[in-house]
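Here is the structure we will look at, set down as structure tokens.
Convention: sequence-line order gives letters A, B, ...; per-chain numbering from 1.
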Amino acid sequence: MAATAVHAGGGLADHIHPEPQGFVRKYVFSIDHKIIGIQYMITAFLFMILGGMLAELIRVQLMKASGGLMTPETYNEVYSIHGSTMVWLVIIPLLTGGFGNLIFPVQIGARDVAFPWLNMLSFWIFPVAGLMLYASFLMGAPTAGWTEYPPMSLQGQAGTSMWAAAIFLIGVSSTMTGINFLVTILKMRAPGMTYTRMPLFVWGQFVTAPLLMIATTALGAALAALFMQREFGVAFFDPARGGSPLLWQHMFWFYSHPAVYIMILPAFGMISEILPTFARKPIFGYKMIAFSSCAIAILGFMVWAHHMFTSGLAPALQVPFMVLTMLIAIPTGVKIFSWVATLWGGVIHMTTSMMFAIGFLATFTLGGITGVFLAAVPFDLHVHGTDFIVAHLHYVLVGGSLMGILAGLFYWYPKMTGRLMNETLGKWAFWLFFIGFNGTFLPMHWLGMWGMPRRVAMYDPQFQGWNQVASWFSFVMTAALILVLINALWSMRNGKRSGHNPWNARTLEWQIPSPMPYYNFKHVPSVFAAPYDFAEPLPYRGLEEELTGAPPPVPAAH
Amino acid sequence: MESYEPLPENRDPVVHLDRQFWIVTAVLAVLAALSILWWIWAPITSIMPEAVDKAQEIDALFRFLAASGSALFIFVCGYVLYFSLAFRRHAGTPENAVGIQIHDNNKLEFWWTVGPTVFVVLMAIFSIRIWYGIEIAPGNTLVVEAIGHQWYYTFRYPNVNGEVKEMHLPLGQPVTLHVTSGDVIHSFWIPDMRLKQDMVPGLINTMEFTPTRPGKYEIICTEFCGMFHGDMHSGTKENPAYVYIDQPAQYAAWYARMERQQANASNAITAPASNQLKLAGGDPQAGAKMFATKCSACHALGPFDQRIVGPGLKGVLYDPAHPQLVDGDQATPENVAKIIENGYKGSMGQMPNQTANALSNKDIVNLVAYLKTLR
Amino acid sequence: MEANVAHVERILAIFFGIVVFFVAVIALRNDWKSQGIENQVFKIMLGLLALGAILGILAALGILIGKGVA
Amino acid sequence: MAVATVTHPGFAGHAEEPDQLYVETRELRIQGFLLFMVSDLVLFSSFIFAYLYLRNSGQGWPAGGPKLDIALAAINSIVLFGSGATMHFALENWKHGSFTKFANWIVMTIILGAGFLSGQVLEYIHIGARWDSGIFGASFYTLTGMHGLHVLGGIIYLTVLLLQAAQGKYTYTKYTGLTLGTLYWHFVDVIWVVLFSIFYLL
């Protein structure tokens, strides 16, 4: 084993530090990317419980046309915080900080991210900012939705400034994560891990990191401007002093449109890992999937004003924004077709993870199609600001991102705990989730087209029937998520032991023990092919001792 | 580590599509065709009538989008379902069986890139054509202004002083609707017209259409505007701001009544004399220069209805159509100066004040002198 | 007095602007062959510094003056 | 081990890759710092966009009328650009192994930076607009204020670097921190080129 000799004798392993032993250094202020990933996930799932409770409050309120559960003011607070929580405290942290941190450094054969201390800092800003966001409830929460358009947000209660500060902090954390991930992928890939050999989940993170780094800062500027106007009267958005309310919309959507790709590209990456693994088949069109991710990320920066088709954008600007937005359908379509083709001719293992991935294909396709509808300005004029938008965005964010997250949770759970999640419970959860989700959000398509606006505490009684349908199904969806949660908690102690590679998967993280050891690799492996040739031997060298041999040499101190 | 013997594949490794696949494809094609037919004849208007000319075009676009979208959806989901059932691992399949090891098919990938591209181009052309139809103003229009407030709408008509609470439009007469807001962002949506524009303070958005169907239609606010946003639609009792599309004769009668009513009501208002400036001795030429640099971005030198951001100012002091200024005061030089001095914030939108516009008192005097010369 | 101060400022700006410009250009020339990403960035920065010096000189000469400047 | 692995192309070139934990190499730190600069640039760009957008959105520019002093701004800008040059010399001298020259140049840089800041304060006193009087004041104070904070941060950063260098934290072959400081200072200078242009020359 020449390779092993090189690694053992090369002296590079000297840099390994001893694993911290105290509880605080090991699990709280840890600089280990795997622990940080798990911390992100736990925190984000806690916030998801809060955000989900708020969602249920919304659905209960909407069961009656006249409202009834909450005052309009409380309702406005509830849905504003629901949106902010789900976007910034749940989906983005789960996909980047959570699964990103946990998996991608291992997949490229690195021992940690480029800046472990920065990584720890990124994480610890996140719960603090989350608590600040919820503290705004006490001060009088923001009421203008997660988009907080001025002048409405200038009229908002004191908590709106707190909201802006909290989101700004999350932005700082995201930016640091983006820088960290980008440097890691650029510089710390194992020998032989060329760009075309990276697993597609790494590609997902690779195109997401610049979005996190660039777009989030633009949001920071918008939030800072809002904060300054609210607290110090700096005139950015006040038309009476020459400002413009549309400026906020431009600045906000310049972030928030790329942000929807931050929320979906890593999920694309997960699906691209899970489908081939369980179909026992190479991913179809690897290069096209990677390339289309890049295309989506680049186009994502050029389409923000499609959120403003009714806002009074100059007519000459609407056509390019419309056409560019429609162009995004092409790379997205290519991805979906490639995934469908990956299923063809496979040997499909119907695990819970795979079911969520296949469910993702169905629901995300619908969300994507309605997205193309919305790109067409004339149609958007009709449905902008209605429940149709709510339906579309939930099909993309819940049917897309969250389905991806759940698929990833079932898939990578063994890598965190060394145990499998319960499959029977998982399948129940999948079906309940799938039915509940579609029942909740499908009716909103026609509700919106018939005249039901979004963000309303009370509405025209003619829409009450379908709203009740949506509410009842939302309870089913919530039950499914509770089932997943119970499953995850129960399996931590009682799940079946997984072994290092329960799914027979081929990426690097499955070639080391579960849960993953502190150093990931005793010897950093060499890579000589993309990981998707299921009929071939594994394309790695230098992994012989990972599951057996002695621990790596650790010097006394550095 | 895996074993290195060749692994059993579950199928013939030669890549080919079997008969079953083509049967499924045929079934999906039939379903897709049915869905397209459904969208072509879907009874959209029986649920929501088309009240204006533009609505038909938007519905046509929707039919096109929905038909192609549902066909695509049926194919994707159909194949997903079929593949997941047909290629499921059976009980007897060896543990280490693998699927057909194909990575790429350049021809297939080429076509499924070209396909969506063609579709996108078609859709873009279709949308742009309809969109230009929506944007282009027909001639000889009735100009109406709609103003959003927390939480009701008001409307302004030419030659009617003050604001009215209902919008009446004559059948068959092209309408130009200017929308703006007096406080926060609202939105003006009439589902039966399929048209919507946001009402943004400090900005005038425009809609152009011709009513084609008489009736009473709901207006709905779709941009979150505060506590009672949910009540800002015509179904509420307090401010039932419906749009009525009337026969021309009916409309004329209503309009004449409004002119009379509002004229009577407005005579009662007296102009408060709050102005400190001495308006005598202004220099109209300096005022004209000042107007070109400071005012012309928002105010045209046309009639009152010709709006950029604010109203046109030609003859603002002599305009019989609008004997009152936007704040309800009479159109006297003193009151004009007062607005320039203090700015304006109200139902017609917002205008920066003297300090924000960097105007000296002398500038104001000159501007008023200049406005006086415009007849 | 006010005008005199401005006068002195302008002359100083022009003089030192020329110095900074040449220093930046010379540094750029000396650095031209250096490798490594940070040096590439330094080169861009030095080029922009030279540009900034020119802009400063032009502003001091009153050739380039914006609308908002009194 | 399968024989096919050894001859696989693309493997030979990657002999030694980073194989360590918690050792941030020079390359990684520079790369990360450059990316930080990119995101900081986006922050500035957003406000610059806001300024240009408001200025051109037809809402009556200039609202809140600026009274900028071009002579002061010119000399002040030249002072800041000069500090960029001195910082460049500081790093060059460090590379050539001269601590004294390095210290002199970096002290000069700090003085010039402080000079620029006092010039900014003069400009703030001189200017008529307030930050709440209109969009000019809003944009000007936000952008120059943000830049001023960056300069202030830079002065502190360079002082710390000087002290660290005096304590012998850096050697003549290991000086990543100094490189980063220089990068940061150049960044602050170059941003001012843009701000100077859009506020005084446009």
- Query: Which atoms of D/Ile198 come close to chain C, meaning under 4.5 Å heavy atom to heavy atom: side chain ones, backbone ones, both, or neither?
  - Reply: neither
- Assert top hit (heavy-atom pairs under 4.5 Å, partner chain C, pool D/Leu34, D/Val194, D/Val79, D/Asp189) equals D/Leu34
- Parallel, tilted or perpendicular: which fits the ring planes of D/Phe187 and D/Tyr184, with parallel below 30° and perpendicular above 60°? tilted
- Task: Using ring-ring contact (aromatic ring centres under 6.0 Å, His included) as the criterion, list what pairs up with D/Phe116, not counting sequence neighbours.
- Result: D/His147, D/Trp192
- Note on the structure: The interface call for D/Thr182 against chain C, heavy-atom contacts under 4.5 Å, is both
- Message: Can you tell me which portion of D/Ile30 sits under 4.5 Å from chain C's heavy atoms? Options are side chain, backbone, both or neither.
- Response: side chain
- Note on the structure: Cut-off 4.5 Å, heavy atoms of chain C, and the answer for D/Phe196 is side chain
- Segment of D/His186 engaging chain C (4.5 angstrom heavy-atom cut-off): both
- Give me the ring orientation class for D/Trp94 and D/Phe102: parallel if the planes are under 30° apart, tilted from 30 to 60°, perpendicular past 60°. perpendicular
- Item | Under 4.5 Å from a heavy atom of chain D, the part of C/Leu58 involved | neither
- Note on the structure: Under 4.5 Å to a heavy atom of chain C? For D/Glu92 that would be side chain
- Query: Are D/Tyr124 and D/Thr144 linked by a side-chain donor-acceptor pair shorter than 3.5 Å?
  - Reply: yes
- Query: So, for D/His96 and D/Tyr172, is the gap between ring centers shorter than 6.0 Å?
  - Reply: no
- Query: Of all of C/Ile57, C/Leu51, C/Asp31, C/Ile44, which one pairs up most often with chain D through heavy atoms under 4.5 Å apart?
  - Reply: C/Asp31
- Geometric cation-pi criterion D/Arg26 and D/Tyr175, 6.0 Å radius, 45° cone: yes
Less than 3.5 Å apart, which donor and acceptor atoms pair up between the side chains of residues 9-28 of chain C and the rest of the protein, not counting sequence neighbours?
| from | atom 1 | to | atom 2 | distance (Å) |
| --- | --- | --- | --- | --- |
| C/Glu9 | OE1 | D/Leu72 | N | 3.2 |
| C/Arg10 | NH1 | C/Ala60 | O | 2.9 |

- Query: What part of D/Ser77 lies closer than 4.5 angstrom to a heavy atom of chain C: side chain, backbone, both or neither?
  - Reply: neither
